[in-house]
Amino acid sequence: MRFFFPDSQDQVDPGFDFVTEERDPFRVRQRDDLYAHEVLTQAPFDGLLVSKAIVDGKAGGGTGKYTAAQRHRLYREGARRFFRLDRGHTPLKIMGDCGAFSYVAEEYPPYSVDEVIDFYDGCGFHYGIAVDHVIFQYEPKTIRDDERAAEWVRRQEITLALAADFWQRCKARRVCFTPLGVAQGWSPQSYADAVVALQRIGYQRIALGGMVPLKTQEILACLAAIDQVREPTTQLHLLGISRCDDVPTFATHGVTSFDSTSPFRQAFKDDRDNYYTPTGTYVALRVPQVDGNPKLKARIRSGEISQAQALALERTALTRLRQYDADEIEVDPVVQALVDYSVVWDGKSDRSAQYRATLTDRPWRDCPCDLCKAIGIEVVIFRGTERNKRRGFHNLYVFEQRLRPQRERTRA
């Protein structure tokens with residue numbers, strides 16, 4: 001079971017100073033900053049998923065996450081060199097997709113089949129996913145004859161027609177990557193029907209899309225229906241699914257790979273589960289920058305609180321956290337400093353109990369990952385991109401560690 005991490009140009013600055021919060025003035029972001037597979041001794045995933053929407057932006061308008069210079073260099077050098085995938089690690093695979101989430105509201109996918117093939121082949125990907133149109137609804141019973149159902153059918157038909165065209169164009173152009181068709185559906189039977197059609201076209205690798213909102217039992221119901229029609233050589237990929245405990249079960253249904261940003265994004269998007277451990281999660285310690293928190297800046301502008309007071313509370317919280325990590329003070333004054341500052345910048349959420357648990361257990365001290373060993377308590381401080389992304393990389397490391405025994409079970 002391979003885990004692919006979706007690229008969104010997430011890197012960290014190796015020269016960032018956590019005390020002064022300053023960077024090297026001559027730093028060049030993509031050239032000097034490091035990806036997760038460079039920061040960690042062991043890459044925490046088996047490959048990258050690179051989306052055309054992230055790189056090129058949406059056709060006809062909108063921009064991607066890449067600058068023009070980065071985009072040109074990716075095409076010029078190829079993905080393996082651009083992402084520096086061979087630096088002392090087991091070679092990582094690269095999968096490409098269109099980024100269907102970015103155009104879910106559109107009537108029709110904005111990319112042509114040949115444009116997508118140019119992207120995959122031009123960048124030197126190992127796998128390329130056909131152009132698709134996502135369906136997010138789930139209706140396990142027989143669909144009703146209404147406008148909603150008609151739209152689901154229309155999107156599935158578009159996806160299958162594009163998959164047929166993609167397959168033929170890949171054969172005609174003798175591409176260097178392995179093509180994957182996409183099965184979009186709204187029920188177990190509709191997914192099974194899509195797999196039948198894709199296998200008839202010639203696909204032996206099929207990605208299952210639109211399943212992110214589904215519960216585990218709903219995903220398993222779809223996989224069970226697909227089992228009835230899946231050929232022995234057909235391998236499945238789950239798009240956007242990262243349910244570690246279910247990996248052995250998924251594997252019994254022909255799933256050989258999946259992708260997800262969830263472990264990374266929880267570091268700074270989740271309200272509670274910010275820091276992974278082998279047995280659970282902890283909340284990160286929130287110390288936002290005074291000049292970077294919109295709510296706090298609004299209170300300062302309105303005169304509710306002085307900037308000097310906010311800065312003093314911010315500095316006290318950071319100082320006490322570092323003193324605690326150096327075993328110079330007890331936990332109580334640290335929690336109090338966090339609460340005092342939280343009253344100013346938040347004023348609603350009381351996270352004191354969760355903060356106390358994180359501080360008392362000091363999980364960063366038990367973690368063997370390169371990041372926790374290098375920066376200590378800074379990894380659990382919720383503050384700015386450099387700390388938050390490092391915590392996300394740590395989560396990827398722990399996720400891979402959790403995933404490893406599950407993958408061993410699938411091999412047994």
Side-chain angles (χ1 to χ4, degrees), residues 3-16 23-40 43-59 61-87 89 91-103 110-111 115-116 118-120 122-129 239-240 242 259-269 292 370-371 379 383-397 399-400:
F3 168 43
F4 287 80
F5 178 58
D7 161 67
S8 191
Q9 277 299 281
D10 293 306
Q11 299 166 275
V12 295
D13 177 3
F16 181 76
R23 305 177 186 276
D24 185 330
F26 300 106
R27 158 185 174 256
V28 176
R29 185 174 177 270
Q30 203 278 333
R31 182 196 69 190
D32 298 329
D33 289 4
L34 301 177
Y35 294 100
H37 58 272
E38 296 179 292
V39 172
L40 297 163
F45 36 70
D46 300 292
L48 292 175
L49 176 68
V50 182
S51 168
K52 183 171 175 60
I54 293 291
V55 175
D56 292 328
K58 193 165 63 175
T63 58
K65 291 287 187 75
Y66 283 51
T67 65
Q70 290 170 345
R71 185 167 61 253
H72 293 152
R73 190 158 63 81
L74 171 61
Y75 278 102
R76 183 176 67 251
E77 296 181 347
R80 181 158 296 283
R81 185 175 176 188
F82 181 87
F83 291 109
R84 304 187 289 269
L85 296 182
D86 293 319
R87 289 191 176 180
H89 300 293
L92 301 174
K93 299 294 184 181
I94 312 165
M95 182 180 291
D97 79 346
C98 295
F101 291 165
S102 70
Y103 55 82
Y111 306 118
E115 284 176 331
V116 172
D118 289 342
F119 174 61
Y120 296 162
C123 294
F125 295 166
H126 297 92
Y127 306 101
I129 298 176
L239 288 164
S242 65
D259 68 86
S260 178
T261 59
S262 187
F264 176 76
R265 291 176 62 82
Q266 278 192 290
F268 48 89
K269 291 291 187 182
D370 302 84
L371 291 161
V379 78
R383 175 186 175 84
T385 186
E386 290 297 336
R387 292 176 180 82
N388 293 345
K389 285 187 176 181
R390 280 173 168 83
R391 187 167 57 257
F393 289 173
H394 154 86
N395 286 353
L396 288 171
Y397 166 84
F399 181 74
E400 194 279 331

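Contact between Ser102 and Ala53 at its shortest, heavy atoms only, is OG-CB, 3.3 Å. For the residue pair Asn388 and Arg383, the shortest heavy atom distance occurs at OD1-N, 3.1 Å. The shortest non-hydrogen separation linking Met95 to Phe125 is C-CD1, 4.4 Å. Counting all heavy atoms, side chain and backbone alike, Tyr66 lies closest to Asp7 at OH-OD2, 2.6 Å. Among all heavy-atom pairs drawn from Tyr103 and Cys98, the shortest one is OH-CB, 3.7 Å. Summarising the geometry of Ser242 relative to Phe399, their closest heavy-atom pair is O-CE1, 3.7 Å, with the distance given to 0.1 Å.
With a 4.5 Å cut-off on side-chain heavy atoms, Leu85 and Tyr35 do not count as touching. At least one side-chain heavy atom of Gln9 sits under 4.5 Å from a side-chain heavy atom of Gln11. Here the side chains of Tyr397 and Leu371 are not in contact, with every heavy-atom distance at 4.5 Å or above. Within the 4.5 Å cutoff, no side-chain heavy atoms of Ile94 are placed close to those of Phe4. When side chains are defined from C-beta on, Tyr111 counts as touching Lys52, because their heavy atoms get closer than 4.5 Å. The shortest side-chain heavy-atom distance between Leu74 and Cys123 falls under the 4.5 Å cut-off. Between His37 and Leu92, some side-chain heavy-atom pair lies under the 4.5 Å cut-off. Side-chain contact between Leu239 and Ile129: present, with at least one pair of heavy atoms (C-beta onward) separated by less than 4.5 Å.
Residues meeting the side-chain contact (heavy atoms from CB on, under 4.5 Å) test with Glu77, sequence neighbours left out: Arg73, Arg81, Phe82. Partners of Arg23 according to the salt bridge (charged side-chain N to carboxylate O under 4.0 Å, His left out) rule, which considers only residues two or more places apart in sequence or in another chain, are Asp13, Glu386. Looking at residues two or more places apart in sequence or on another chain, you find a ring-ring contact (aromatic ring centres under 6.0 Å, His included) between Phe264 and Phe5, Phe268, Phe393. Every residue was checked against the salt bridge (charged side-chain N to carboxylate O under 4.0 Å, His left out) condition with Asp370, not counting sequence neighbours, and none meets it. Partners of Arg80 under the salt bridge (charged side-chain N to carboxylate O under 4.0 Å, His left out) rule, at least two apart in sequence or in another chain, are Asp86. In this structure, Lys93 has no salt bridge (charged side-chain N to carboxylate O under 4.0 Å, His left out) partners at least two apart in sequence or on a different chain.
For the atom pair NZ of Lys65 and OG of Ser51, the computed distance is 10.0 Å after rounding to the nearest 0.5 Å. Rounding to the nearest 0.5 Å places CZ of Arg31 at 10.0 Å from CZ of Arg84. Going from atom OG of Ser260 over to atom CG of Leu396 covers 9.0 Å, rounded to the nearest 0.5 Å.
Judged by distance alone, the side chain of Asp259 and the main-chain N or O of Leu49 form no donor-acceptor pair under 3.5 Å. Under the 3.5 Å distance criterion, the side-chain polar atoms of His72 are matched with a main-chain donor or acceptor of Ala68. Between the side chain of Arg390 and the backbone N or O of Val379, no donor-acceptor pair lies under 3.5 Å. Under a 3.5 Å cut-off, the side chain of Gln70 and the backbone N or O of Thr67 do form a donor-acceptor pair.
In this model, a donor atom of one side chain and an acceptor atom of the other lie less than 3.5 Å apart for Tyr75 and Asp56.
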Does the pair Asp33 and Val12 meet the rule for a side chain to side chain contact (heavy atoms under 4.5 Å, CB included), with working shown? CA-CA 5 Å; Asp33 289 4; Val12 295; over 6 Å; no

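Ion pair Asp10/Lys389 flagged as a salt bridge, since at least one NZ, NE, NH1 or NH2 atom sits closer than 4.0 Å to an Asp/Glu carboxylate oxygen.
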